[in-house]
Amino acid sequence: MSPVDVHLVDGTYELFRAYFGAPATRSPEGVEVGATRGLLSSLASLLHRPEVTHVACAFDHVVESFRNDLYAGYKAGEGIEPELMNQFPLAEQAAAALGITVWPMVEFEADDALATGAARLRGNDDVRRVVLCTPDKDLSQCVRGNRVICWDRMRDRELDEDGVRARFGVLPESIPDYLALVGDSADGIPGIPRWGAKSAAAVLARYLHLEAIPPSHERWDVTVRGAAALSANLEAGREDALLFRTLATVREDVPIEVDLGSLEWRGAHREPLEHLAASLGDRRIVERIGRFSS
């Protein structure tokens with residue numbers, strides 16, 4: 001067969017986007033299900049694209065991961081609205097009913113599952129591209145040339161290796177170092193004081209990784225505004241910076257099954273999808289799919 005594209009979907013992001021973007025909707029039993037209905041609609045649209053033949057969807061089955069044990073300030077589930085949190089199990093059921101391979105994460109995060117899938121598939125001769133369906137900047141570190149790309153579905157923007165360099169000023173391999181310096185508020189990573197996007201990009205474009213940055217700004221062979229203060233803050237917080245990089249580095253060793261054959265989308269599962277659609281109060285999704293494997 002001709003090489004295929006494999007689409008790996010950030011299900012947690014899709015659920016959040018649906019919750020904040022789709023109208024609130026109650027099920028016949030009075031339970032909030034608007035985000036799940038929005039997720040179903042979004043995934044159905046993806047599956048109708050002719051190039052989408054092999055798909056997996058990763059979810060944060062629980063919000064916390066091993067990273068919370070490493071750093072108390074890392075993102076947790078306390079601030080998530082209960083009506084959104086309660087739809088996490090429904091979202092996984094929805095993706096599975098559509099016939100999509102589901103990777104529910106407990107110890108790891110959805111990003112780690114996507115990174116693991118990309119790492120295992122990028123060398124497969126039967127794979128043309130691995131498409132990471134997410135706008136999350138963390139996953140930019142997984143990009144490899146045009147072989148592994150990120151795709152922001154909402155804006156229909158693809159990000160290959162040249163795109164990563166144009167957006168962040170660094171290569172994909174430097175993204176964890178970049179996030180360690182500038183921080184990532186979405187993940188609770190504070191970064192190093194006074195380091196911003198421009199200074200981090202300039203320094204890491206030259207040195208690639210934190211360890212290679214000379215301990216004194218006088219030894220830097222790149223011109224950066226406020227270099228003395230930046231260097232001093234980095235040296236004072238170098239241990240923190242290395243921890244933040246660990247937090248920002250996605251794992252590629254998640255114990256999931258990544259088999260090209262099992263990722264092929266053959267259609268939805270009619271009975272589970274009909275049951276789910278009835279419980280959500282939206283039977284139109286069954287008609288919209290139009291392709292069933294069972």
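From a predicted model like this one, the values you see are computed outputs, not experimental measurements.
- Proximity of D187 to L247: side-chain heavy atoms (C-beta onward) are nowhere separated by under 4.5 Å.
- To the nearest 0.5 Å, atom CD of residue E29 and atom CG of residue L280 are 9.5 Å apart.
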I'd like to know whether I80 forms a side-chain contact (heavy atoms from CB on, under 4.5 Å) with F16, so could you lay out the CA-CA distance, the side-chain angles of the two residues, the decisive distance to 0.1 Å, and finally the verdict. CA-CA 10 Å; I80 299 177; F16 270 78; 3.9 Å; yes

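- The backbone N or O of L210 sits less than 3.5 Å from a side-chain atom of D177, completing a donor-acceptor pair.
- Using a 3.5 Å distance cut-off with no hydrogens or angles, the side chains of S42 and R153 do pair a donor with an acceptor.
- With hydrogens and angles ignored, the 3.5 Å screen pairs no side-chain donor or acceptor of R67 with any backbone N or O of E64.
- Interatomic distance, CG of L84 versus CG of L15, reported as 5.5 Å (0.5 Å rounding).
- Cluster membership for L8 and L139, using ILVMFWY side-chain heavy atoms within less than 4.5 angstrom, is shared.
- In this structure, OG on S65 lies 8.0 Å from CG on L70, to the nearest 0.5 angstrom.
- S199 contributes a side-chain N or O that, together with a main-chain N or O of G196, makes up a donor-acceptor pair within less than 3.5 Å.
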Verify side-chain contact (heavy atoms from CB on, under 4.5 Å) between L90 and Q93, making sure each step is shown before the conclusion. CA-CA 5 Å; L90 271 177; Q93 292 176 34; 4.1 Å; yes

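- Heavy-atom contacts from other residues, nucleotides or ligands closer than 6.0 Å to CZ of R194 number 12 or fewer.
- Using a 4.0 Å cut-off between a side-chain N of Lys or Arg and a carboxylate O of Asp or Glu, R270 and E274 qualify as a salt bridge.
- Between the side chain of Q87 and the main chain of A35, a donor-acceptor pair closer than 3.5 Å is present.
- Cluster annotation: Y178 is connected to I192 through the hydrophobic network of ILVMFWY side chains, with a link wherever side-chain heavy atoms come within less than 4.5 Å.
- The environment of CD in E271 is sparse: at most 12 heavy-atom neighbours from other residues, nucleotides or ligands sit within 6.0 Å.
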Set out, in order, the CA-CA distance, both residues' side-chain angles and the distance that settles salt bridge (charged side-chain N to carboxylate O under 4.0 Å, His left out) for E287 and R284, then state yes or no. CA-CA 5 Å; E287 301 171 1; R284 293 171 300 174; over 6 Å; no

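- Closest approach of C150 to V143, counting heavy atoms only: SG-CG2, 3.9 Å.
- Ion pairing between a basic and an acidic side chain is recognised when a charged N comes within 4.0 Å of a carboxylate O; E257 and R120 show no such pairing.
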Audit row: V286, F292, side-chain contact (heavy atoms from CB on, under 4.5 Å) steps and yes/no: CA-CA 10 Å; V286 179; F292 297 91; 3.9 Å; yes

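- Within the 4.5 Å cutoff, side-chain heavy atoms of K137 are placed close to those of D184.
- Distance check: N233 CG to D240 CG gives 11.5 Å after rounding to the nearest 0.5 Å.
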Show, in sequence, the C-alpha distance, side-chain angles and deciding distance for R129 and E158, and conclude whether the salt bridge (charged side-chain N to carboxylate O under 4.0 Å, His left out) test is met. CA-CA 12 Å; R129 294 190 310 173; E158 293 185 352; 3.4 Å; yes

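- Within a 6.0 Å sphere centred on NE2 of H61, heavy atoms belonging to other residues, nucleotides or ligands number 12 at most.
- Considering every non-hydrogen atom in both S231 and W220, the closest pair reads CB-CZ2, 3.7 Å.
- No side-chain heavy atom of N146 sits less than 4.5 Å from a side-chain heavy atom of E161.
- Considering all non-hydrogen atoms of both residues, G11 and L39 come closest at O-CD1, 4.4 Å.
- When only modelled atom types and interatomic distance are considered, Y207 and D221 share a side-chain donor-acceptor pair under 3.5 Å.
- In this structure, the side chain of T101 engages the main chain of S262 through a donor-acceptor pair within 3.5 Å.
- In the hydrophobic cluster analysis, where Ile, Leu, Val, Met, Phe, Trp and Tyr join through side-chain heavy atoms closer than 4.5 angstrom, V254 is grouped apart from V102.
- Side-chain contact between L114 and D136: absent, with no pair of heavy atoms (C-beta onward) separated by less than 4.5 Å.
- Here the straight-line distance linking atom OH of Y74 with atom CG of D69 works out to 12.0 Å at 0.5 Å rounding.
- At most 12 non-hydrogen atoms from other residues, nucleotides or ligands lie less than 6.0 angstrom from NE2 of H275.
- No side-chain heavy atom of I189 sits under 4.5 Å from any side-chain heavy atom of L179.
- Within 6.0 Å of atom CD in E239, 12 or fewer heavy atoms from other residues, nucleotides or ligands are found, so the atom counts as exposed in its surroundings.
- Looking at D111 and T134, their side chains never come closer than 4.5 Å, going by heavy atoms from C-beta outward.
- Taking each heavy atom of A277 and I285 in turn, the nearest pair found is CB-CG2, 3.7 Å.
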Apply side-chain contact (heavy atoms from CB on, under 4.5 Å) to residues V130 and R144 and explain how you reach the verdict. CA-CA 9 Å; V130 179; R144 298 291 185 275; over 6 Å; no

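- Contact between A115 and V250 at its shortest, heavy atoms only, is CB-CG2, 3.5 Å.
- For R128 and S2, the side-chain atoms include no donor-acceptor pair closer than 3.5 Å.
- Criterion: ILVMFWY side-chain heavy atoms under 4.5 Å apart, direct or through other members. Under it, V170 and L234 are part of a common hydrophobic cluster.
- Note that CD1 of I100 and CZ of R266 are 14.0 Å apart. Values are rounded to the nearest 0.5 Å.
- Of the possible donor and acceptor atoms, one in the side chain of W265 sits under 3.5 Å from a partner among the backbone N and O of L98.
- Side chain of N68 to backbone of K75: a donor-acceptor contact under 3.5 angstrom is found.
- A side chain to side chain contact (heavy atoms under 4.5 Å, CB included) with V164 is found for one member of I175, L171, I149 and no other, namely I175.
- Checked by atom type and distance alone, the side chain of R147 pairs as donor or acceptor with a backbone atom of R122 at under 3.5 Å.
- For the pair T25 and D282, the minimum side-chain heavy-atom distance is 4.5 Å or more.
- Judged by distance alone, with hydrogens and angles left aside, the side-chain atoms of Q141 form no donor-acceptor pair with the main-chain N or O of S174 at under 3.5 Å.
- Side-chain N or O atoms of S41 include none that pairs as donor or acceptor with a backbone N or O of R37 at under 3.5 Å.
- Across all non-hydrogen atoms, the minimal contact from W195 to L230 is NE1-O, 3.1 Å.
- Inter-residue side-chain proximity for H209 and E173 is flagged as met; some heavy-atom pair is nearer than 4.5 Å.
- Under the 4.5 Å side-chain heavy-atom criterion for grouping Ile, Leu, Val, Met, Phe, Trp and Tyr, V52 is not connected to L260 through any hydrophobic cluster.
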